Amino acid sequence: MIVIVCLDDKKGRMFNHRRQSRDQAVTEEIRKICTGKKLWMSPYSDRLYGTLEGMELAVNPDFLSMAGSGEYCLAESEGLAAYEESIEQIIVFWWNRTYPADVYLDLDLSRWERKERYEFPGTSHEKIKEERYERRT
């Protein structure tokens, strides 16, 4: 599976059961990445991203267990460490800010190799970084 996450500078993801931030430019990037593919997500994520068009959306509370090879997963709050062996690639959108957080990424990205990095202007953030990581060989 290919996991998509949004992180602040300290790898924060959520605060008080809410996503830290939302950016329309990131939503558009996710749409571009997943067009013609399958995108798995939780019912929580479906409330925000469930209107994305051009892909097959699959919503299930246990989506990380159900996603197959090459399928995308939008993980906003879910722990990923238990699924690390199944993860082929990680796509990170960095907010370039630090927010209050109580849910953090539970993967050590230093164990992954950064393959690509892009910067683009967001609608709510001046600069957003997109990085793609693959398993170190």
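Bear in mind that the values here come from a model prediction, so they are computed numbers and not experimental data.
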Worksheet item: Any donor and acceptor pair, going by atom type alone, linking the side chain of R13 with main-chain N or O of L7 inside 3.5 Å?
Response: no
Item to complete: Inspect the contact between R117 and E119 and indicate whether a charged nitrogen and a carboxylate oxygen are less than 4.0 angstrom apart.
Response: yes
Worksheet item: Which heavy atom of A25 sits nearest a heavy atom of G122, and at what distance?
Response: CB-CA, 3.8 Å
Discussion item. Looking at E29 and R31, is there a salt bridge between them, counting it only when a charged N and a carboxylate O are closer than 4.0 Å?
Written reply: no
Worksheet item: Going hydrophobic residue to hydrophobic residue with side-chain gaps under 4.5 angstrom, can you get from V5 over to W112?
Response: yes
Item to complete: Drop me the distance from I2's CD1 to E134's CD, to the nearest 0.5 angstrom.
Response: 9.0 Å
Worksheet item: Going hydrophobic residue to hydrophobic residue with side-chain gaps under 4.5 angstrom, can you get from V92 over to L105?
Response: yes
Practice prompt. Sort and list the pairs that fulfil side-chain hydrogen bond (donor to acceptor under 3.5 Å, both in side chains) and have at least one residue in residues 98-108, not counting sequence neighbours.
Written response: R97-Y99, Y99-H125, D108-S110
Fill in: 4.5 Å side-chain heavy-atom contact, T123 and V26
no
Give the table of side-chain donor-acceptor pairs shorter than 3.5 Å for residues 44-55, with sequence neighbours excluded, one pair per line with atom names and distance.
| residue | atom | partner | partner atom | Å |
| --- | --- | --- | --- | --- |
| Y44 | OH | R19 | N | 2.9 |
| S45 | OG | S42 | OG | 3.4 |
| S45 | OG | E76 | OE1 | 2.6 |

Item to complete: Indicate, with yes or no, if Y133 and I4 share a hydrophobic cluster defined by side-chain heavy-atom contacts under 4.5 Å among Ile, Leu, Val, Met, Phe, Trp and Tyr.
Response: no
Fill in: From CE (M41) to CG (L57), nearest 0.5 Å
5.0 Å
Discussion item. In the structure I gave you, are the side-chain heavy atoms of I33 and L39 within less than 4.5 Å of one another anywhere?
Written reply: no
Fill in: Chi angles and distances behind the side chain to side chain contact (heavy atoms under 4.5 Å, CB included) call for F93, K129
CA-CA 6 Å; F93 291 99; K129 287 186 289 190; over 6 Å; no
Discussion item. I'd like to know whether CD of E116 has more than 12 heavy-atom contacts from other residues, nucleotides or ligands below 6.0 angstrom.
Written reply: yes
Discussion item. Do F63 and E78 make a side-chain contact, defined as non-hydrogen atoms from C-beta onward lying under 4.5 Å apart?
Written reply: yes
Worksheet item: Nearest 0.5 Å, what's the CH2-OG distance between W40 and S65?
Response: 10.0 Å
Discussion item. Between C73 and Y83, is the side chain to side chain contact (heavy atoms under 4.5 Å, CB included) condition met? List the steps.
Written reply: CA-CA 12 Å; C73 294; Y83 304 95; over 6 Å; no
Discussion item. Please tell me whether L74 and L64 are part of a single hydrophobic cluster in this structure, the criterion being side-chain heavy atoms less than 4.5 Å apart.
Written reply: no
Worksheet item: Which distance, rounded to the nearest 0.5 Å, do you find between the CZ of R111 and the CZ of R136?
Response: 10.5 Å
Discussion item. Between the side chains of R132 and E130, is the shortest nitrogen-to-carboxylate-oxygen separation below 4.0 Å, so that they form an ion pair?
Written reply: yes
Worksheet entry | Contacts of type side-chain hydrogen bond (donor to acceptor under 3.5 Å, both in side chains), residue W94, not counting sequence neighbours | E131
Fill in: Path from W95 to I30 over hydrophobic side-chain contacts below 4.5 Å
yes
Item to complete: Look only at the side chain of E88 and the backbone of G70, and say whether a donor-acceptor pair between them is shorter than 3.5 Å.
Response: yes
Worksheet item: Please walk me through it: do V3 and I91 pass side chain to side chain contact (heavy atoms under 4.5 Å, CB included)?
Response: CA-CA 6 Å; V3 174; I91 300 171; over 6 Å; no
Response to the item:
CG of L80 to CD1 of I90, rounded to nearest 0.5 Å, is 7.5 Å
Item to complete: Quick one: do E71 and M1 satisfy side chain to side chain contact (heavy atoms under 4.5 Å, CB included)? Show the steps, please.
Response: CA-CA 5 Å; E71 294 179 338; M1 80 178 101; 5.5 Å; no
